[in-house]
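Below: the structure, in structure tokens.
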Amino acid sequence: MNRLFVAHKPPFVGSNRYLSQLKRRYGFKKAGFSGTLDPFASGTLIVATGAFTKLLPYLDKTPKCYRATLWLGARSKSDDLENILSIETVPAFSPQEIEAAVNALQCTQRYRPSLYSAKRINGKRAYDLAREGKSAELKEIVSEIYESRLLCYN
């Protein structure tokens, strides 16, 4: 069965595990996906089955769209909602301050991904190394943010 489709990966499931679930459920013998989502993230994966798996390297996957929820005052080693270490009350921000921060995101940004990201370091996922207590440094990447919008502030 040759298929190319978009699947919604739920949070707290790794991309590979989710693909395995799809393969078992629908009887795909050969399947792959383009791009990896962090285990805690939910989002879309481009999935190919059968001979269509050979098309994955040729797909243009840009631009991407992300939706994020920020929890101000929460701290974790991984900078996400896994293993929250502490929560501090922060003063409320004015709508103008929030809007300015959201607008400031629209630019070209250079940064080093978190060690808890899904990036690979010598064939291993960075988040696996981090959970094993090993340290490593990821290469700096460049991202262009074309548009940012505030959906809700509470």
Side-chain angles (χ1 to χ4, degrees), residues 1-87 98 101-102 105-154:
M1 235 187 318
N2 300 323
R3 300 275 189 265
L4 184 64
F5 60 94
V6 175
H8 181 78
K9 184 192 86 64
F12 305 109
V13 177
S15 297
N16 280 315
R17 176 172 284 162
Y18 184 64
L19 181 65
S20 294
Q21 292 171 354
L22 289 175
K23 285 171 69 174
R24 275 193 307 278
R25 184 173 186 177
Y26 297 106
F28 300 136
K29 299 229 184 299
K30 182 179 179 184
F33 60 87
S34 182
T36 300
L37 293 170
D38 291 337
F40 77 88
S42 67
T44 56
L45 290 174
I46 300 172
V47 178
T49 66
F52 283 12
T53 57
K54 293 180 175 128
L55 299 174
L56 289 172
Y58 303 103
L59 295 178
D60 181 8
K61 298 172 290 267
T62 57
K64 298 176 185 177
C65 181
Y66 296 91
R67 181 179 289 179
T69 299
L70 305 181
W71 186 3
L72 303 177
R75 275 192 48 240
S76 75
K77 278 193 213 174
S78 55
D79 293 330
D80 59 33
L81 57 86
E82 290 184 305
N83 303 314
I84 300 292
L85 300 172
S86 66
I87 302 169
I98 296 292
V102 169
L105 293 171
Q106 292 176 205
C107 64
T108 300
Q109 298 190 16
R110 303 178 78 80
Y111 65 95
R112 290 196 192 284
S114 163
L115 187 54
Y116 286 86
S117 76
K119 299 277 185 199
R120 289 191 181 272
I121 301 172
N122 297 325
K124 278 195 97 171
R125 294 281 180 204
Y127 57 72
D128 289 332
L129 294 172
R131 288 186 181 108
E132 292 169 9
K134 298 178 181 171
S135 64
E137 196 166 303
L138 290 155
K139 293 178 186 172
E140 185 177 77
I141 62 173
V142 177
S143 288
E144 177 77 26
I145 298 179
Y146 301 102
E147 178 185 359
S148 58
R149 284 185 284 161
L150 177 65
L151 302 178
C152 177
Y153 173 58
N154 164 339

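Just so it is clear, the values below take in all heavy atoms, side chains as well, and ignore hydrogens, waters and symmetry mates. This chain uses plain numbering: 1 for the first residue, then up along the sequence.
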Determine the minimum heavy-atom distance between A7 and V47, stating which atoms define it.
-> CB-CG2, 4.0 Å

For L138 and S117, work out which heavy atoms get closest and say how close.
-> CD1-OG, 3.7 Å

[X]: side-chain hydrogen bond (donor to acceptor under 3.5 Å, both in side chains) partners, not counting sequence neighbours:
{"X": "N122", "answer": "none"}
{"X": "S148", "answer": "Q106"}
{"X": "T69", "answer": "none"}
{"X": "S15", "answer": "none"}

Under the salt bridge (Lys or Arg N to Asp or Glu O under 4.0 Å) rule, collect the residues that match up with [X], sequence neighbours excluded.
{"X": "R112", "value": "E137"}
{"X": "K134", "value": "E132"}
{"X": "R120", "value": "none"}

With sequence neighbours left out, the residues meeting side chain to side chain contact (heavy atoms under 4.5 Å, CB included) with L151 are R67

Return the set of residues passing side chain to side chain contact (heavy atoms under 4.5 Å, CB included) with Y153 (not counting sequence neighbours), or none when no residue passes.
-> A92, F93, I98, L150

Pairs in or reaching into residues 138-154: which pass salt bridge (Lys or Arg N to Asp or Glu O under 4.0 Å), with residues at least two apart or in two chains?
-> R110-E140, E147-R149

More than 12 heavy atoms of other groups within 6.0 Å of K77 NZ | no

To the nearest 0.5 Å, atom OG of S143 lies from atom OH of Y66 at 7.0 Å

Say you draw a straight line from CG of L37 to CG of L45; how long is it, rounded to the nearest 0.5 Å?
-> 5.0 Å

Tabulate below the donor-acceptor pairs under 3.5 Å that side-chain atoms of residues 18-34 make, not counting sequence neighbours, or state none.
unit_1, atom_1, unit_2, atom_2, d
Y18, OH, H8, O, 2.9
S20, OG, N16, O, 3.2
S34, OG, K61, NZ, 3.2

Heavy-atom distance under 4.5 Å between the side chains of Y111 and I141, does that happen here?
-> yes

Residues 49-56 side chain polar contacts: donor-acceptor under 3.5 Å, at least two apart:
unit_1, atom_1, unit_2, atom_2, d
T49, OG1, M1, O, 2.9
T49, OG1, R3, N, 2.9
T53, OG1, G50, O, 3.0

